[in-house]
Structure formats: C-alpha cells, structure tokens
A.B. asks: 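To start, I am sharing the structure in question, which I have written as structure tokens.
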Amino acid sequence: MFTTDEIQKLDKITHKYDRKQAALLPVLHCVQEKDGLITPQAEKDVAEYLGIPVVHVHEVVCFYHLLHQKKPGKCHFSVCQTTACALRGAEDIIGYIRQKLNISPGETTPDGKFSLEAVECLGACEIAPMMQCNNEYKGFLDKKTIDALIEGNS
C-alpha cells in the first residue's frame with residue numbers, strides 16, 4: 001500500500017490525464033524511482049490505485065525494458081540488438097561486455113555495479129551499434145567505449 005506522501009505524488013501525475021488509468025506508465029516510473037524496480041506488490045498497489053486489473057499492470061511491466069522486475073546494477077547496459085545495431089556489431093558488443101563483466105544478459109555483477117540487458121530498438125539507428133547506459137544513449141560502440149564506461153563506473 002502506498003503512503004500518504006506517495007499517493008500525493010501519484011495524484012500530481014494522474015491529475016494531468018482525463019482518465020486516471022491513462023497515467024499507467026508515468027505512475028510505474030514514479031513507483032520504480034523509489035526502489036529501482038517494480039515488485040509484484042507494487043504491481044498490485046498500482047492496479048488498486050488506478051482501478052485496473054493487476055494483469056494489465058504486469059503486462060506493461062513485462063513489456064517495457066525500462067521497467068525492472070529485478071533491481072538492475074548501478075550502471076545498467078541496455079544494448080540494442082535490432083536490425084541496424086545487429087548489422088553494425090551489437091552481438092560482438094554484448095559478447096565483449098559478457099567477457100569483461102562475466103555476466104550474461106539479464107544478470108547483474110555480484111557487487112551490484114553492473115547489469116546487462118539485450119533489448120529491442122531504442123530508436124537511435126543512426127548511431128548503431130548503440131546502447132542506453134542508465135538513461136544516457138551511447139552510440140558507435142566499440143571495445144574502447146565499453147572499457148571507458150566500465151572504468152568510469154567501477
């Protein structure tokens with residue numbers, strides 16, 4: 001259940017919409033800001049708050065890669081693997097990150113510093129291969145770029 005302060009924060013979001021349910025994505029982003037993930041309990045709380053079925057909330061959480069069901073690393077690499085990025089070496093980039101950090105897509109390093117995810121299009125084909133590092137786009141990826149990101153976040 002949400003606290004009074006959390007409900008007030010969510011009310012500020014939902015009041016911008018004609019229908020409260022239309023604010024599902026912004027509400028989920030707000031909820032995720034607190035703990036870095038959306039738990040099953042948070043899904044139930046959001047569903048109750050918005051007056052929609054829990055399954056609808058769960059489907060949205062599962063669909064969008066920016067919504068996390070497991071806590072990501074402090075530096076979360078979301079590497080695009082769609083056509084443009086695939087043609088420009090995304091698989092090699094994912095492989096290099098796997099090798100450097102000893103994690104596979106969907107995993108987090110034991111120290112919680114890094115996580116890796118292979119995702120569908122991030123909408124920046126012009127800088128392929130590219131990824132999102134937390135909320136920042138990084139393009140024209142190569143081994144030097146990956147090394148710098150890992151060193152800068154260690």
Side-chain angles (χ1 to χ4, degrees), residues 2 6 9-10 13-14 16-17 21-47 49-50 52-154:
F2 294 123
E6 290 168 336
K9 192 173 182 181
L10 296 177
I13 294 169
T14 58
K16 297 176 186 175
Y17 294 83
Q21 297 83 356
L24 177 55
L25 277 174
V27 165
L28 286 170
H29 283 289
C30 182
V31 169
Q32 182 172 269
E33 284 177 11
K34 180 181 174 192
D35 296 317
L37 75 160
I38 305 290
T39 64
Q41 183 60 51
E43 290 179 7
K44 290 176 188 173
D45 294 344
V46 167
Y49 173 77
L50 293 176
I52 60 177
V54 176
V55 68
H56 183 67
V57 176
H58 183 70
E59 288 171 339
V60 171
V61 171
C62 291
F63 181 78
Y64 289 102
H65 77 272
L66 292 174
L67 298 172
H68 304 290
Q69 293 174 298
K70 293 187 330 185
K71 191 163 186 161
K74 290 181 182 177
C75 182
H76 181 65
F77 295 142
S78 298
V79 182
C80 177
Q81 61 178 3
T82 311
T83 306
C85 288
L87 291 171
R88 306 267 333 252
E91 189 175 313
D92 293 338
I93 294 298
I94 293 168
Y96 187 68
I97 295 169
R98 288 177 72 157
Q99 174 196 353
K100 291 287 287 188
L101 298 176
N102 197 30
I103 57 172
S104 294
E107 295 180 345
T108 302
T109 56
D111 61 7
K113 287 185 181 179
F114 298 96
S115 55
L116 173 61
E117 184 176 16
V119 299
E120 295 305 315
C121 189
L122 291 168
C125 300
E126 69 279 5
I127 59 172
M130 63 84 57
M131 72 174 169
Q132 195 171 5
C133 179
N134 295 336
N135 292 322
E136 190 175 336
Y137 277 18
K138 301 287 184 182
F140 305 113
L141 298 174
D142 57 21
K143 290 178 180 181
K144 283 184 179 181
T145 306
I146 300 304
D147 289 342
L149 286 168
I150 291 171
E151 288 172 25
N153 288 286
S154 290

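Note that the numbering runs from 1 along the sequence shown for the chain.
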A.B. asks: Do Met131 and Leu141 come within less than 4.5 Å of each other through their side chains, counting heavy atoms only?
C.D. replies: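 The answer is yes; the side chains approach within 4.5 Å.
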
A.B. asks: Identify the two heavy atoms, one from Ser78 and one from His65, that lie closest to each other, and give their separation to 0.1 Å.
C.D. replies: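 Heavy atoms of Ser78 and His65 come nearest at OG-CD2, 4.0 Å.
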
A.B. asks: Can you name the nearest heavy-atom pair linking Ile94 to Ala118, along with the distance?
C.D. replies: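 So the minimum-distance heavy-atom pair works out to CD1-CB, 3.9 Å.
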
A.B. asks: Taking all non-hydrogen atoms of both residues into account, name the closest pair between Ala90 and Pro129 and its distance.
C.D. replies: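 For Ala90 versus Pro129, the nearest heavy atoms are N-CB, 4.1 Å.
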
A.B. asks: With distance as the sole test, does Thr14 use its side chain to make a donor-acceptor pair with the main-chain N or O of Leu10 at under 3.5 Å?
C.D. replies: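 Between the backbone of Leu10 and the side chain of Thr14 there is a qualifying donor-acceptor contact (under 3.5 Å).
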
A.B. asks: Run the side chain to side chain contact (heavy atoms under 4.5 Å, CB included) test on Ile52 and Leu24 for me, step by step, so that the C-alpha distance in whole Å, both residues' side-chain angles and the decisive distance to 0.1 Å come before the verdict.
C.D. replies: CA-CA 10 Å; Ile52 60 177; Leu24 177 55; 4.2 Å; yes

A.B. asks: Check whether any side-chain heavy atom of Val57 sits under 4.5 Å from a side-chain heavy atom of Leu28, and report yes or no.
C.D. replies: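 Answer yes - side chains close enough.
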
A.B. asks: Looking only at atom types and distance, does a side-chain atom of Gln69 sit under 3.5 Å from a main-chain N or O of Ile38, one as donor and one as acceptor?
C.D. replies: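 No, Gln69 side chain to Ile38 backbone: no donor-acceptor pair under 3.5 Å.
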
A.B. asks: Looking at side-chain heavy atoms only, is the closest gap between Cys75 and Cys133 below 4.5 Å?
C.D. replies: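 Yes, their side chains come closer than 4.5 Å.
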
A.B. asks: NZ of Lys34 to CG of Leu37: how many Å apart, nearest 0.5 Å?
C.D. replies: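 Answer rounded to 0.5 Å: 11.0 Å.
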
A.B. asks: Measuring from atom CD of Gln41 to atom CD of Glu43, what distance do you get when rounded to the nearest 0.5 angstrom?
C.D. replies: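 Rounded to the nearest 0.5 Å, the CD-CD separation comes out at 10.0 Å.
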
A.B. asks: I'd like to check the ring-ring contact (aromatic ring centres under 6.0 Å, His included) partners of His58; sequence neighbours left out, ordered by chain and number.
C.D. replies: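 Expected list: none.
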
A.B. asks: Would you say that more than 12 heavy atoms from the other residues, nucleotides or ligands in this model lie under 6.0 Å from the CG of Asp147, or not?
C.D. replies: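 Result for CG/Asp147: enclosed.
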
A.B. asks: Run the numbers on Glu33 and Lys9 for salt bridge (Lys or Arg N to Asp or Glu O under 4.0 Å), then give the verdict.
C.D. replies: CA-CA 12 Å; Glu33 284 177 11; Lys9 192 173 182 181; 3.8 Å; yes

A.B. asks: Let me confirm one number: the CD1-CD1 distance from Ile103 to Ile97, rounded to the nearest 0.5 Å.
C.D. replies: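 It is 8.0 Å, given to the nearest 0.5 Å.
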
A.B. asks: Give me each pair satisfying ring pair (Phe, Tyr, Trp, His ring centres under 6.0 Å) with a member in residues 113-133, each pair once, sequence neighbours excluded.
C.D. replies: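 Qualifying pairs: Phe77-Phe114.
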
A.B. asks: Excluding sequence neighbours, so at least two apart, what forms salt bridge (charged side-chain N to carboxylate O under 4.0 Å, His left out) with Lys74?
C.D. replies: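 None.
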
A.B. asks: Can you list every pair that meets ring pair (Phe, Tyr, Trp, His ring centres under 6.0 Å) and has a residue in residues 130-149, with sequence neighbours left out?
C.D. replies: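 Not a single pair qualifies under ring pair (Phe, Tyr, Trp, His ring centres under 6.0 Å).
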
A.B. asks: Rounded to the nearest 0.5 Å, what separation is found between the CG atom of Asp45 and the OG1 atom of Thr39?
C.D. replies: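 The distance works out to 7.0 Å.
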
A.B. asks: If a pair satisfies side chain to side chain donor-acceptor pair (under 3.5 Å) and one of its residues is in residues 104-133, list it, with sequence neighbours excluded.
C.D. replies: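 Counting only pairs at least two positions apart or across chains, the side chain to side chain donor-acceptor pair (under 3.5 Å) contacts touching residues 104-133 are His76-Ser115, His76-Glu117, Gln81-Glu120, Thr82-Glu120, Arg98-Ser104, Thr109-Asp111.
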
A.B. asks: Scan residues 134-144 for pairs that pass salt bridge (Lys or Arg N to Asp or Glu O under 4.0 Å), counting only residues two or more places apart or in two chains.
C.D. replies: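 Qualifying pairs: Glu136-Lys138.
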
A.B. asks: Kindly compute the distance separating SG (Cys80) from CZ (Arg88), expressed to the nearest 0.5 Å.
C.D. replies: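 Answer for the SG-CZ pair, Cys80 versus Arg88, is 12.5 Å.
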
A.B. asks: Could you tell me the separation between the SG atom of Cys62 and the CG atom of Leu67, rounded to the nearest 0.5 Å?
C.D. replies: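 Here the rounded value is 9.5 Å.
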
